[in-house]
Amino acid sequence: MAGRNSAPAGPWPRYLAQAVRKLPPVVCLLAFGASAAVAAPVAVASPAAANHTTASSYDPQRHDALIAAYRANRIAPPQALQQLKAWLATALGHAERQRVVSDAVAIAAADGQFAEAAALGRQGPPASLHDYALGPLALAARRTQDLALQGEAIAVWRARLPASRDAQREAELLLASSGAASAAFEEAEAAERANPGTFTALTLATLQQQALAQQLRWAVLERDERIGAARVAALDKVLAQQEIALARLDASALHADPADAEAWRSLRLRLQSDRLLALVERGRPADAIALYEALHADGSALPPYALGAAARALAQERRSIDAVPLFEAAVAGSGPALPAADPIYQGLAYAYLDTGRFEQADALLARIDGATPATLRLAPEAGLPNGEYTEANGIRAMLLLYGDRHALAQQRFALLTGEAPLNAEFAAGAGLAERLRDHPEAALARYEALAADHPHDIGARAGHVEALLDAGEFREARRRAESLEADAPDTAQVRDLARKRRAATGPRLDLDAEAASGGAAIANREWRVASRLSSGLIDDEWRVFYDQVLGRADTSDGNGNWARGGIGLAWQRGRWLAEGALQHANTGPYRTSAAGRIDYRAGDAWRLSATFDGDSKELPWKARIAGIGARETSLGVSHVVNEARRFELQWQRLDFSDGNLRNGLDFSWRERWVSTPRFQLETRLGAGTSRGRQQEAAYFSPPRDASALLTVRAQWLNWKSDDRQFFQAIEIGGGSYCQAGFGTGPLWSVRYEHRWNLGPKLSLRYGLGISSHPYDGVRERQRSVFLNLSMPLP
């Protein structure tokens, strides 16, 4: 996170040298934690001298002699400190103890023993120390991050010497360390203007970086609490101030002491890292990536929060494969102190899923779970719940959803929403689970309740729009999406939602093509291409479409070509979908015809449909070649349990122009038995029967027949990159077919396919198959290939 870093270790403050010249000779080299720049190298006294000094009892003359030896470099700081501590262990008067502790603090700080100096200062206490020891004590407390001791020392120091620039400087550094970096920088700038030289350029630049880092945190909080353009005004201000700070830093660094070059480089890197984070938070991932790549090219070692920000930017640009190593480096650099619910962990887990590294995602979650107990281990009261445990469970539930383990995810969200009913993320997760389980009405109900409780939550509002699109409520989806885009156009969720909505409501092309050979009862060879070009939504309800079917077949009765085009209008609102078209074909008695369709979703469980086609595509090729046509009517009902279980019943009638009438009834049951991120296994059991009026016809039309077929489908995920996926699948089916007058014979089929998902609503499937079917007691084997394309158009 921006601003976590402490001020860089630069040169020792100049006030130490100034203070030395003002002090009595006996203590001048002890003042204010004098650095190597102030005190010359010290010669180490002989062990005998050191032991003799330590053994001496205290008196002021011996104290003066010790300090004189220290000043003359005849005794090293550790030996001087050892003697002073030995005297502290004896009985001393108040004034004597005050002097000994003050000198001990000054010597320890000057020697870089900051922990020792701080410990001695606490014994003092600070109010009892001499003035010259307060600066070194404040420095030691700052270096050991003891804010309480630092504040106490500075308070005493400023009370005694209110005009001291050094005390002013330490006070500003304390403000910065204790969460008031902005105030510290403002006061430091004012002090520098009033008294030039109070602060070095490096110290001012450091305070400015810390102030901007704090302002960045505030701006992010402000953004999350507001809506509209004002929500990012503070972020824009921080970005502008960062540019100014960088220019100021570069100008100052040009004239800086070469000894400070590394400190200036370190400071510039922290400021650039903060800017990288600010760009991501502002919704400018492309700019953040450009900045990261420039820093990476320079060989800069970024802090963990900057690596995490760069990884987030790459993930938002759908470059998760590049984001993974950065997330991993951010986690490693953060160490074990990284909270389980930190966005870096979440980002890494999602990046693993988006690149198909499911085992690594599971291992990461297991590690988080192991480090996140249900109750706090070191709480003052036993059994206090651990908030991070609940957050970790929420992450796991979301990853189960994205890993196609929807039933398990739904169970987890049911528990989480029961434990925390007002948690917006859990409620949104429960709504998403309903969506993915093919329950649009339940999903809408979840999001409606969530909108009432959390009307400004960006994630919940985006999920609500997607649920409305699923349910066919396009007008309300558009209204809410436009409101969301006006309120938070900079967020990754809103940008992603806009892309999905364009794909769902814009123009599109659907194409189905197939070719087969070997089925002499139907055709020796045949091919067919059916396509539909649809406009985008008009007035949120209407689409204009153009359908075309092209086909050709070679049969024992001759060859045939068929071409039909049709223009139509579709209307969709909520649960209803209706469409009608006027069609014209090149041949047949029903060359000019009409077609229509009505679908109704009667809740989440039941779906009803009715269709009519005045020139049926299901007409056998031999009938078409003989100049016969057919009108098709069908009714269907589906019972949807969830995405893994579905039952369908369909009645179909073909009314042939030669007087034949054929009725058929088909039932199917689809069940998914295994669903994991990499593998799915499902079955489809189908059974049907049909009856024809004519006993003799120029095409295959048995008086009665029936069939039953069980198909097993196995699907593997072979490649995944964000919303792009590649699957392989194989289907194997077997069953029996019974035809009146010819008995019963076996059916079987094998089909292999590839499926590509290449973005929202863009999919490509192709494959080949082979099947065996008896016709009039003669077994025929058919070989086929197919291709399906569905894509949104720009």
Side-chain angles (χ1 to χ4, degrees), residues 507-536 543-570 578-597 609-634 652-662 664 697-701 763-769 782-793:
R508 64 180 308 102
L509 172 66
D510 297 287
L511 179 70
D512 294 316
E514 57 183 344
S517 65
I522 306 300
N524 295 323
R525 287 184 299 275
E526 62 173 318
W527 61 264
R528 180 181 297 176
V529 178
S531 60
R532 168 175 286 200
L533 179 63
S534 305
S535 73
R543 290 184 192 267
V544 177
F545 63 86
Y546 175 74
D547 278 339
Q548 186 177 67
V549 182
L550 301 174
R552 175 180 173 82
D554 299 337
T555 73
S556 57
D557 296 340
N559 303 330
N561 295 289
W562 186 50
R564 189 189 73 184
I567 188 167
L569 188 65
E579 62 183 40
L582 295 176
Q583 309 171 141
H584 184 75
N586 62 333
T587 61
Y590 305 131
R591 183 174 304 179
T592 301
S593 62
R597 168 188 171 192
S609 66
T611 63
F612 172 79
D613 189 347
D615 187 11
S616 175
K617 292 186 292 186
E618 302 299 319
L619 181 70
W621 274 108
K622 289 185 177 181
R624 196 175 299 280
I625 291 171
I628 300 169
R631 297 187 175 97
E632 177 186 347
T633 305
S634 68
Q652 180 190 55
R653 166 176 286 190
L654 286 175
D655 189 355
F656 293 86
S657 60
D658 63 354
N660 191 13
L661 185 66
R662 188 160 198 87
Y699 47 90
F700 181 74
S701 179
S763 63
L764 172 66
R765 297 174 62 184
Y766 54 86
L768 51 86
Q782 187 180 58
R783 298 169 181 83
S784 62
V785 296
F786 67 92
L787 180 146
N788 309 118
L789 172 67
S790 182
M791 61 180 294
L793 299 176

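Model, not experiment: these values are computed from the prediction.
The two residues Trp527 and Ala515 have their closest heavy-atom pair at CB-CB, 3.9 Å. Closest approach of Gly551 to Trp621, counting heavy atoms only: C-CH2, 3.5 Å. Of all heavy-atom pairs between Asp615 and Ala585, the closest is OD2-CB, 3.6 Å. For Arg564 against Asp613, the heavy-atom pair with the smallest separation is NH1-OD1, 3.3 Å.
When atom types are taken as modelled, the side chain of Asp557 and the backbone of Lys622 share no donor-acceptor pair closer than 3.5 angstrom. Between the side chain of Arg532 and the main chain of Asp547, no donor-acceptor pair closer than 3.5 Å is present. Side chain of Ser657 to backbone of Gly629: a donor-acceptor contact under 3.5 angstrom is found.
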Cut-off 3.5 Å, no hydrogens considered: what does the side-chain donor-acceptor table look like for residues 783-793, sequence neighbours left out?
from: Asn788; atom 1: ND2; to: Asp512; atom 2: OD1; distance (Å): 2.7
from: Ser790; atom 1: OG; to: Arg508; atom 2: NH2; distance (Å): 2.6
from: Ser790; atom 1: OG; to: Asp510; atom 2: OD1; distance (Å): 2.6

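In this structure, Thr592 OG1 and Gln583 CD are separated by 10.0 Å, a value rounded to the nearest 0.5 Å. The line from CG of Asn559 to CD1 of Ile625 is 6.5 Å long, rounded to the nearest 0.5 Å. With rounding to the nearest 0.5 Å, the separation of OG in Ser534 from CD in Glu579 is 8.5 Å.
Geometrically, Arg631 engages Tyr590 in a cation-pi contact, judged by NZ or CZ lying under 6.0 Å from the ring centre and within 45° of the ring axis.
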Exercise for review: I would like to know whether Leu511 and Val529 meet side-chain contact (heavy atoms from CB on, under 4.5 Å); could you show each step before the answer?
Suggested key: CA-CA 7 Å; Leu511 179 70; Val529 178; 3.4 Å; yes
Point to revise | Residues Glu618, Arg662; criterion salt bridge (charged side-chain N to carboxylate O under 4.0 Å, His left out); working and verdict | key: CA-CA 12 Å; Glu618 302 299 319; Arg662 188 160 198 87; over 6 Å; no
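In the displayed structure, Arg765 atom CZ is contacted under 6.0 Å by more than 12 heavy atoms of other residues, nucleotides or ligands.
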